[in-house]
Each structure stands twice: as structure tokens, then as C-alpha cells.
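Comments concern the structure below.
In what follows, chains carry the letters A, B, and so on, assigned in the order in which the sequence lines appear, proteins first and then strands, with residues in each chain numbered from 1.
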Amino acid sequence: MRVRVDRARCRGYGICTSIEPTVFALDDDGYATTDDHTLSPAEVESVRRAAKLCPERAISTDEP
Amino acid sequence: MLTERRFTTILLPDGAAVDELVSIDDRWVAARVMTDPDLYGLELARIFDRVWVFVGHETEIPNPGDFVTRYIGADPVIVARSADGDVHVTLNVCSHRGATVCRVECGNAATFRCPYHAWVYDNTGELLGIFAERDAYGDGLDKGTLSLKRARTTAYHGLIFATWNPDAPSLADHFSTMDFYYRIVFGLTDGGFEVAGPPLRWVENTNWKFAAENLSGDGYHLMNVHKFLDELGLIPGWSDPTMARGVTSVYDRRTGDGLQMAHFFPIDTSDLEAAMVTSTTLFGLTETFVPEIMRRLSADQLAVFAKGISAAGTIFPTLSYTALPWPTGDPAEGFSFMRALRLAQPLGPDRHVVWTWPLLARDLPGEEKERQRRTTLRSFGTAGLVEQDDAEVWSANQRGIAGVQGRQRRFRYDASRPVNPDWPGPGVARTAFPDEDNQLNFWARWLELMTA
């Protein structure tokens, strides 16, 4: 599974980075980024949770 | 007894002392307790901020993420079930600038976002994220200290109560006396009860205490205010005072709770098993519930239940309930059952919001559930005939004491009966024509909280 952050939607709550810091990071201005790596099984669950809790629905995955 | 208590003297702006507004010994209550804005403000702080308050039924929020918004006094709260299944009650007030965070009345959500500056909380009250946190606050804020304020929360026979008071006794201790009765009313089946749907709600132009104290034990008005039940032939004999001589009133001095039980349809209990079939059916359940009721109730509880009961009461301060064999209104259908919760949420000194939840035994056959739902709604809630009767009279009370002369009057509670020494249950019980002892006990608890 892969994850994307819609940078145009992100409004800098930092919820995703607090849930899964190995997948999400904040840039210098405090908005979320992610690299494009294939998620480990352990990361999949926390990324789903981050996607669910993102107030702007800015996180998407290529698998439901 | 209350006369032994020591009061703190609190003076109202005109010099009247709060502890002189009620006389338990002389059995009267000053009418201004129903009209005074300063007393209303004191009630919010001294009663609603200190006691367990009903905020909802567990079956309103069955799934993780489900929530409803409610009130403790005038404070808005979110009642939510978190992912782990626990129920949380949090102050619906943003830790940033005080806006109500959640502005809808029910739904399912993992997070709540404040409409003002978009701070985001989870359904346990934790502050999850702050909008543009780095732009706004640089290195950020200590979010752990900025949760929504959390209330102590406990579910009891499906009823969810919450309190802000860290020193309040546990709910189990609080209800240790009255559980004898609440188990009969709310906890006698394995499957429990469920709400029929979202609560009905309307505003009544009366002080909340007219409803709460009445439902704690005013059996006296029933024969008069609701005499249509007799006049229309729905409950023959209802308005005949001699029919009301066997009503048992019980109160708990400690909590202020009171209820009345009547044996309108007395059952011979010499054969307990046979009596249980009749009393269970009379109590809105089916014969299949008998084994679990006999397992769940003690011998003393069964002695009360098996005689066939109707029950109604108030859990202080604002939650009332009815559990009564009741006419459907359709002569072909005859009797069914009316089981409802009724909350008198204060909305100022002369208004309250009435919330009504019909309660149905979860394991009841669907057809009987529907019959009970309709029976309950015909009597309680927005279209309830019994409710309209009461609202009409209590509005007359409120109008009657709105003037300068009216608000200087005293309400009387002189009717008293001897305590029933043979009653098998706890609390202070009387079995006779309806008394005014229960209501006076409501006022004793009110006075204690307002002055102690």
C-alpha cells in the first residue's frame, strides 16, 4: 500500500505526524509531507488511522 | 433529620436567606424558588455542577464513534463512544476560546473540529491537532494540557450519568438504596432496554422543578389532572379517590430520589410462579422473561414485583421515568405498557426543555414493541395527552406566581402518612392514599445542596 498527502489540502494540524512519524513529516512551515515508499504492515494500520483522523481528508491511499 | 443540619446562609440580593425559602418542619416551600433568576443561577452552580446528571441512554450511541450532544445544567456536553467502546462525557467548549466544538445533536465522528479556529479533538476529548500549529504557535503548544474538560461518567442499567464533582460518591454508592427499585424498573431483563429512537423534545414554560418534584411522587394530582382517563373509559375508576388508597411512596433521604408504586391490578401472590407470569405480562413483558426476572431480582424485590406494579418517579434532580400498564387508546387493543424516560432540563427560572425517550425491552417481540411505542407516545412526549395535561397545569402555576403577590405565597405539602413498617424494600416507604412526603423530601435535598 502507498500513501499520498494532498499538499493543497493540508492545513498543518500535525495529527498524521504524531500518529506515524516514520511515514509523515512536517516541512519547515509545519505542513505534512510523505515520501513515496511501500508501507510495511505495521505502518498500514497507523496510516489508515491518520487518514481517518485528518480533518481535511488530505491523506489518501491506493488501497481501501 | 434535616433540622439537625447546619446551613450556610446565602443571601439573595433583596436580603432573603436561601435557607429560609423551605421549611421541612412546617412543610412549605416559598413560591419564589420557581421564579427567581438569582436562585436559578445558584442552582446551576450548587446543584447541577455537583450531582450526577443523566445525559443519555447507552443505546443512543451503540457503535464506536457514535455521539449525542446534551447538557449538564446549562453546560453543553458531548456524550460519545470511543473506539474502545467506552463512553466519554466532555464539556463541549473549546479549550482555546470557548466555542461549542460540536454543533450537531447526534452522529458518528472520530474527531470534532471547532468552528472558530479549527482546533481538533477526538471523541475522548483529547486535543489531536491545532490548525496551522507551526505558523500560529511556532514550536507548538502542550496539547496534553488542552483537552476538553472531562466529566466523570458511569452507565447504570443503561442510563448514562455524568458529574463534574470529583468528590461525588460513585454512582453505585449513590444508588445503593434505590437500586432495589431501579433494578425492577430498568434492570430486570438480561437484554436491557433500548430507546425507541432519538428523544422527543419541546420547551415547557415552567420551572424544571414543577416537573421533577411532581414526578417524584405527586399521586394526588393524577385523579384530577388526568381524569380524562376515566371520563373516556380508558381506565375505569382512575379518578375515584378511594381507588388510590394503596399507593406506596418511597423516598431516599440521601439522594432526594422518590418514586411511587401502585397495585392498580393486584395479583394474588400465594402461588409465586403463577403470580410472576401475570405480573411480568402486566409489566409490559412476555412470559418468556419470567426465568431471567426471577434470577435477577431478590426475594424482597420479587415480593414487590409479583403483586403487579405500576411505577413512576424522579431520580434527583431531573430524570423522571414511568413504567405503567397503560391503555393503548384503542378499545380493541385494550392495555399495553408505557415505559419512558423524561428529563426536565433547566432553561432559566421559568422554562425547561422536556426530553422524552420511550424505552422498550430489547428482547420484546416487534409487534408488542410497536404497540408499547405508540402507547407511550400517546401519553408522554410532544403529542402525549398526559403530558399536555401536566403542562397546562404547571403553566398555570408559573403564571399564578409571576406577580408580586403570587411569588410571596408558599406552596404547601401538609399531606403525610405513617411509615409502612412491613414494606420489604429500602428507603422511607408509606402505603396509603398518596402523601406529599416524597415531594417534601425532594425539597429537603434541594435545600441541602443549595445551602450546604
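Within 6.0 Å of CZ on Arg362(B) lie more than 12 heavy atoms contributed by other residues, nucleotides or ligands. Atom CG of Asp84(B) has more than 12 neighbouring heavy atoms from other residues, nucleotides or ligands inside a 6.0 Å radius. In the displayed structure, Tyr182(B) atom OH is contacted under 6.0 Å by more than 12 heavy atoms of other residues, nucleotides or ligands. For Glu45(A), the CD atom counts as loosely surrounded, since its 6.0 Å shell holds 12 or fewer non-hydrogen atoms of other residues, nucleotides or ligands.
Interface check for chain A: of the options Ala132(B), Ala118(B), Ala110(B), the most heavy-atom pairs under 4.5 Å are formed by Ala132(B).
At a 4.5 Å heavy-atom cutoff, the contact between Ile130(B) and chain A is made by backbone atoms alone. Heavy atoms of Ala109(B) lying under 4.5 Å from chain A are absent altogether.
Here the shortest heavy-atom pairing between Tyr13(A) and Glu133(B) reads O-OE1, 4.0 Å.
Proximity of a side-chain donor or acceptor of Arg134(B) to a complementary backbone N or O of Asp27(A) within less than 3.5 Å is detected.
Only one option out of Val120(B), Asp122(B), Leu128(B) pairs with Leu53(A) in a side-chain contact (heavy atoms from CB on, under 4.5 Å); it is Leu128(B).
Between Lys143(B) atom NZ and Ile15(A) atom CD1 the span is 8.0 Å, to the nearest 0.5 Å.
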